[in-house]
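Structure first, then comments.
Scope of the values below: all heavy atoms of this structure, side chains included, with no hydrogens, waters or symmetry mates. Numbers for residues simply follow the sequence, beginning at 1.
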Amino acid sequence: MEIKAELLKPYTDDERENFIVQQNHKLGYVIEETETSLQALGYTEEEKQAQEQERIAMLSLTAADVERGIYQAKGMDFDDIVALVSANPVSGLDIKALKIELKANNFYRGNPYVDAVGSLLGFTSEQLDKFFETGDYKTLVDEVTL
């Protein structure tokens with residue numbers, strides 16, 4: 001955790017109370033008292049969101065998990081995806097680069113090809129996040145069709 005605010009000693013009881021109310025009660029920071037100060041520790045909402053986005057981007061599945069999930073959700077394998085991208089130049093995907101990506105042992109959620117192919121297959125970003133979080137292909141199936 002980062003120090004977000006600090007109240008150096010000596011401080012009055014009122015200063016201490018105001019610091020705790022502002023930093024803990026209003027902003028949600030953890031308060032720690034050291035020998036020299038009161039410290040407000042924590043992260044802003046923006047920092048928490050950035051950390052969560054980074055965590056999601058680093059989620060990974062094996063190539064087999066991804067291909068199996070797509071097959072179970074859409075009845076397509078990687079060869080079908082290459083054919084779909086080849087037939088759909090509007091997607092802007094480099095077919096040779098895609099073929100290289102599809103040979104990877106692991107797929108990371110943060111890889112831009114995951115979003116591009118997922119979008120082409122009709123998956124939302126939220127569905128892809130859940131799929132990489134759980135490995136469950138059912139997250140890729142439109143809830144209406146369940």
(request) Please assess L102 against V66 for the test side-chain contact (heavy atoms from CB on, under 4.5 Å), listing each intermediate value before the final yes or no. (result) CA-CA 10 Å; L102 293 175; V66 171; over 6 Å; no
(request) Begin from the C-alpha positions of I95 and S86 and carry the test side-chain contact (heavy atoms from CB on, under 4.5 Å) through to its verdict. (result) CA-CA 7 Å; I95 196 69; S86 295; 3.4 Å; yes
Verify, without hydrogens or angle tests, whether [X] (side chain) and [Y] (backbone) share a donor-acceptor contact under 3.5 angstrom.
| X | Y | answer |
| --- | --- | --- |
| Q127 | T124 | yes |
| Q49 | E46 | no |
| K130 | G135 | no |
| D136 | T139 | no |

Would you indicate whether the side-chain heavy atoms of [Y] and [X] approach each other to under 4.5 Å?
| X | Y | result |
| --- | --- | --- |
| M76 | E67 | no |
| Y29 | N24 | no |
| S125 | R109 | yes |
| E47 | E2 | yes |
| Q39 | I31 | no |
| E32 | L38 | no |
| I70 | D77 | no |
| E101 | K96 | no |

(request) Determine the minimum heavy-atom distance between L59 and D129, stating which atoms define it. (result) CD1-O, 4.3 Å
(request) Check the hydrophobic clustering (I, L, V, M, F, W, Y; side-chain heavy atoms under 4.5 Å; chains of links allowed) and say if L61 and Y108 are grouped together. (result) no
(request) Tell me whether the centres of the aromatic rings in F78 and F107 are closer together than 6.0 Å. (result) yes
(request) Indicate yes or no: does R55 engage E133 in a salt bridge with an N to O separation below 4.0 Å. (result) yes
